[in-house]
Protein chains: 2
Amino acid sequence: MRGTLRADGERKRALIYDTALALFREKGFDATTMRDIAKSAGISLGSAYHYFPSKVAIVFAYYEEVQDAHEERVRKKLPRTDGLLERLTLVFETKLELVRRDRQLLGAIGATLVQPGNELSAFSVEGRDFLQRSVALFDAALEPLATTPEARRTMALLLWTAHLGMMLRLVHDDSRGQKRTKSLVSRALTMAVPLLQLAATPMGAGLLAQLRSLLEENGLMPLPEETLSEG
Amino acid sequence: MRGTLRADGERKRALIYDTALALFREKGFDATTMRDIAKSAGISLGSAYHYFPSKVAIVFAYYEEVQDAHEERVRKKLPRTDGLLERLTLVFETKLELVRRDRQLLGAIGATLVQPGNELSAFSVEGRDFLQRSVALFDAALEPLATTPEARRTMALLLWTAHLGMMLRLVHDDSRGQKRTKSLVSRALTMAVPLLQLAATPMGAGLLAQLRSLLEENGLMPLPEETLSEG
DNA sequence: CCAAGACTTTGAACACGTTCGAAATTGAAC
DNA sequence: GTTCAATTTCGAACGTGTTCAAAGTCTTGG
């Protein structure tokens with residue numbers, strides 16, 4: 001049966017994934033070799049490459065899981081959370097808690113994201129879904145703001161950028177429990193909320209509109225319509 | 001004579017550096033191997049490693065040169081440049097012009113910067129001089145702003161962060177002459193200048209002070225005094 | 001001119017990520 | 001039950017960045 005075959009494949013892929021992640025966390029990303037992973041999973045080196053095209057691909061699978069978990073947790077708690085600060089804190093802190101212990105893996109992702117011609121970059125078409133899903137969470141958190149959808153989307157993208165900054169800080173944060181990054185998030189959000197509220201007023205509309213067209217031109221905004229597919 | 005020895009060493013180092021850079025630009029960073037560099041420079045593989053501890057170390061030498069050139073050009077033209085927008089444009093565009101053609105090398109630098117435990121990161125002590133020198137240029141550009149030195153320094157650091165964003169955009173910018181990044185810089189600065197002027201008023205002072213302490217706590221501001229060396 | 005020490009050069013060797021062709025296994029069709 | 005194509009497994013082999021110990025060269029002091 002084809003289903004069984006597939007399921008077995010999935011199971012093996014999961015085995016490799018779990019083994020790899022355990023080793024990454026135990027010895028670090030660089031110190032864990034593909035041979036380690038294969039041996040520890042009880043398969044051959046070549047077999048591992050049948051399920052993952054590269055070592056970082058395993059980390060990208062991890063990040064996909066992080067993204068899923070982030071979405072799930074935020075969507076669950078967001079309806080019960082009032083206040084802009086509280087809602088934004090929820091999105092940021094949930095993400096932080098999810099990745100806090102895996103700084104080396106974030107570093108590996110960041111390294112490939114910075115490579116020109118990489119398919120998973122924020123600026124690339126392939127990475128766009130990834131980006132948009134993440135931005136959508138910030139957008140949802142901004143719901144209490146009475147403003148236009150476009151303005152909200154723009155602010156959400158700004159927050160996503162800030163969240164990138166959080167990740168960069170995290171990668172280098174050796175403090176116990178990553179309290180430095182935690183404190184950074186909390187204080188930065190306290191500062192950001194009044195600014196966001198200001199931006200949501202008619203006074204901020206002009207600035208946001210400018211910002212939006214800037215981001216659009218650089219492929220960071222979702223395309224408004226799919227009707228522009230001419231060469 | 002010891003001097004001669006040193007000079008010869010410098011000359012050889014320069015030869016390796018020049019050869020490597022030419023190859024990087026011709027074939028790309030990844031496609032250029034250390035063996036290529038050694039062969040092309042007419043030396044052995046081991047000898048290359050006598051002058052540069054690693055392949056990226058060559059790229060860091062390149063970036064040091066970029067930094068020097070950036071400083072020199074900006075310092076030369078800044079006194080003759082009036083207006084905040086013009087001064088900031090000078091700093092940003094000079095940098096962009098210097099690195100525009102070397103996106104792959106920037107990617108290699110970025111990749112190691114994102115690695116935890118890296119000595120040259122913006123958050124590490126060893127990289128601090130690098131950061132401070134760069135921030136100082138933005139600080140100088142902000143001179144027309146009538147405000148406190150601390151506020152100016154804070155804004156300079158923000159601009160440096162924006163400049164990091166420019167570099168990230170650049171790495172993925174395939175457009176002819178990197179006009180996308182150029183346009184981004186020009187438009188972003190147009191938006192930024194009024195905001196900076198606003199921040200320089202008493203109204204913005206509170207926000208800037210908060211921001212400053214935030215940045216200080218994360219090791220991004222220069223230490224005010226060296227008198228806190230109690231471990 | 002020689003000896004000692006420092007600096008420089010060398011290429012073999014190592015460990016790694018990745019590729020590849022061939023062998024083994026599987027499931028479906030008859 | 002046999003056959004066949006597809007999938008999966010395997011580990012040798014490749015190219016890479018980097019290390020290292022041994023050999024070579026040069027500088028200095030006598």
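In what follows, every heavy atom counts, from backbone to side chain, and hydrogens, waters and symmetry copies are set aside. Chain letters run A, B, ... following the sequence lines, proteins first and then strands; every chain starts at 1.
Going from atom CE of Met34(A) over to atom C1' of dC10(D) covers 14 Å, rounded to whole Å. In this structure, NZ of Lys12(B) is placed 4 Å from P of dT9(C), rounded to the nearest angstrom. Between Glu10(A) atom CD and dT8(D) atom C1' there is a gap of 14 Å when expressed in whole angstrom units. In this structure, CD1 of Ile37(B) is placed 17 Å from P of dG11(C), rounded to the nearest angstrom. Straight-line distance from the CD1 atom of Ile43(B) to the P atom of dT25(D): 16 Å, rounded to whole Å. Spacing between atom CG of Asp30(A) and atom P of dG17(C) amounts to 9 Å, rounded to whole angstrom units. Atom CG of Leu23(A) and atom P of dG17(C) are 12 Å apart (whole Å). Atom CZ in Arg11(A) sits about 15 Å away from atom C1' in dT26(C), given to the nearest Å.
For dT9(D), the OP1/OP2 oxygens have no side-chain nitrogen or oxygen of His50(A) closer than 4.0 Å. Note on Lys55(B): every side-chain N or O is 4.0 Å or more away from OP1 and OP2 of dT16(D).
Using a 4.0 Å heavy-atom cutoff across all strands shown, Ser47(B) reaches at least one base atom of the nucleic acid. Within the nucleic acid shown, Tyr51(A) comes within 4.0 Å of sugar-phosphate atoms alone, with no base atom in reach, counting heavy atoms only.
Ring geometry for Phe130(B) versus Tyr63(B): interplanar angle under 30°, hence parallel rather than tilted (30 to 60°).
When atom types are taken as modelled, the side chain of His163(B) and the backbone of Val135(B) share no donor-acceptor pair closer than 3.5 angstrom. A donor-acceptor pair under 3.5 Å is absent between the side-chain atoms of Ser40(B) and the main chain of Asp36(B), judged by distance alone.
Both tests do not hold together for Lys55(A) against Phe24(A): distance to the six-membered ring centre under 6.0 Å, angle to the ring axis within 45°.
In this structure, the nucleotide among dT10(C), dT18(C), dG17(C) sitting nearest to the side chain of Ser44(B) is dT10(C).
Taking 3.5 Å as the limit, the base of dG15(D) and the side chain of Arg35(B) contain no donor-acceptor pair of atoms between them.
Looking at heavy atoms from C-beta onward, Arg180(A) lies in side-chain contact with Arg169(A) at the 4.5 angstrom threshold.
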